[in-house]
Amino acid sequence: MQTAPRIPDLPNASAFAMNRWFYKMQKAGLLYHPDEPAENIVNVVTGRPTFTADECRKLDAAVEKMFEMHGDKVYDVCLRYFQKALGIRPQ
């Protein structure tokens, strides 16, 4: 039995796809700062890596693609989902 991947695909380079990707990451509890390499993200309780090597490659490629297409807007979109995760009303 095959399990669903934890990391959403980034289907294209549109702003909508970027928003949807961050939404899915936030809903899965996997959101992290886009400047941080995925392999540096650890579980604060266990100290173990949050992502597998394959997931890290997928995450790093998606974030790189978003920065190439949208520049600093990536930070704005990510911040909006961090605020939602913390229960802060986005501005």
Side-chain angles (χ1 to χ4, degrees):
M1 185 171 166
Q2 194 174 24
T3 61
R6 294 188 317 150
I7 309 304
D9 289 328
L10 183 64
N12 59 55
S14 71
F16 177 81
M18 177 176 60
N19 269 282
R20 190 77 179 148
W21 189 88
F22 278 112
Y23 167 80
K24 289 179 178 180
M25 289 292 288
Q26 185 257 325
K27 286 296 185 186
L30 299 173
L31 194 58
Y32 67 97
H33 194 286
D35 281 347
E36 192 70 34
E39 58 271 7
N40 290 353
I41 309 302
V42 297
N43 182 298
V44 295
V45 175
T46 66
R48 292 185 173 179
T50 300
F51 304 111
T52 67
D54 287 340
E55 289 173 332
C56 288
R57 283 188 286 279
K58 186 174 181 177
L59 287 163
D60 291 341
V63 170
E64 183 178 328
K65 184 176 184 177
M66 287 186 276
F67 274 116
E68 286 174 5
M69 300 308 298
H70 303 286
D72 286 348
K73 185 162 176 67
V74 173
Y75 297 119
D76 297 333
V77 173
C78 186
L79 177 60
R80 186 175 334 124
Y81 288 101
F82 265 112
Q83 290 171 329
K84 286 182 181 184
L86 295 172
I88 299 170
R89 187 179 180 119
Q91 298 183 12

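Residues take their numbers from the sequence shown, with the count starting at 1.
Listed here is the closest heavy atom pair of P34 and C78: CD-SG, 3.6 Å.
Looking only at side-chain heavy atoms (C-beta outward), Q83 and R89 stay at 4.5 Å or farther from each other.
Atom CE in M69 sits 8.0 Å away from atom NZ in K65 (nearest 0.5 Å). The structure places NE2 of H33 at 8.5 Å from CD of E36, a figure rounded to the nearest 0.5 Å. Interatomic distance, CD of Q26 versus CG of L86, reported as 9.0 Å (0.5 Å rounding).
In summary, the side chains of S14 and N12 do present a donor paired with an acceptor at a separation below 3.5 Å, with no hydrogens or angles considered.
Under a 3.5 Å cut-off, the side chain of E55 and the backbone N or O of T52 do form a donor-acceptor pair. At least one donor-acceptor pair under 3.5 Å links the side chain of H70 to the backbone N or O of A13.
Membership of the apolar cluster around L10 extends to I7, M18, W21, F22, Y23, M25, L30, L31, Y32, I41, F51, L59, V63, M66, F67, V74, Y75, V77, Y81, F82, as traced through chained side-chain contacts below 4.5 Å between ILVMFWY residues.
Salt-bridge annotation for K73 and D76: absent, with no side-chain N of the basic residue lying under 4.0 Å from a carboxylate O of the acidic one.
For R20, the salt bridge (charged side-chain N to carboxylate O under 4.0 Å, His left out) test picks out no residue, with sequence neighbours left out. Judged as a side-chain hydrogen bond (donor to acceptor under 3.5 Å, both in side chains), and not counting sequence neighbours, the contacts of K58 are D9.
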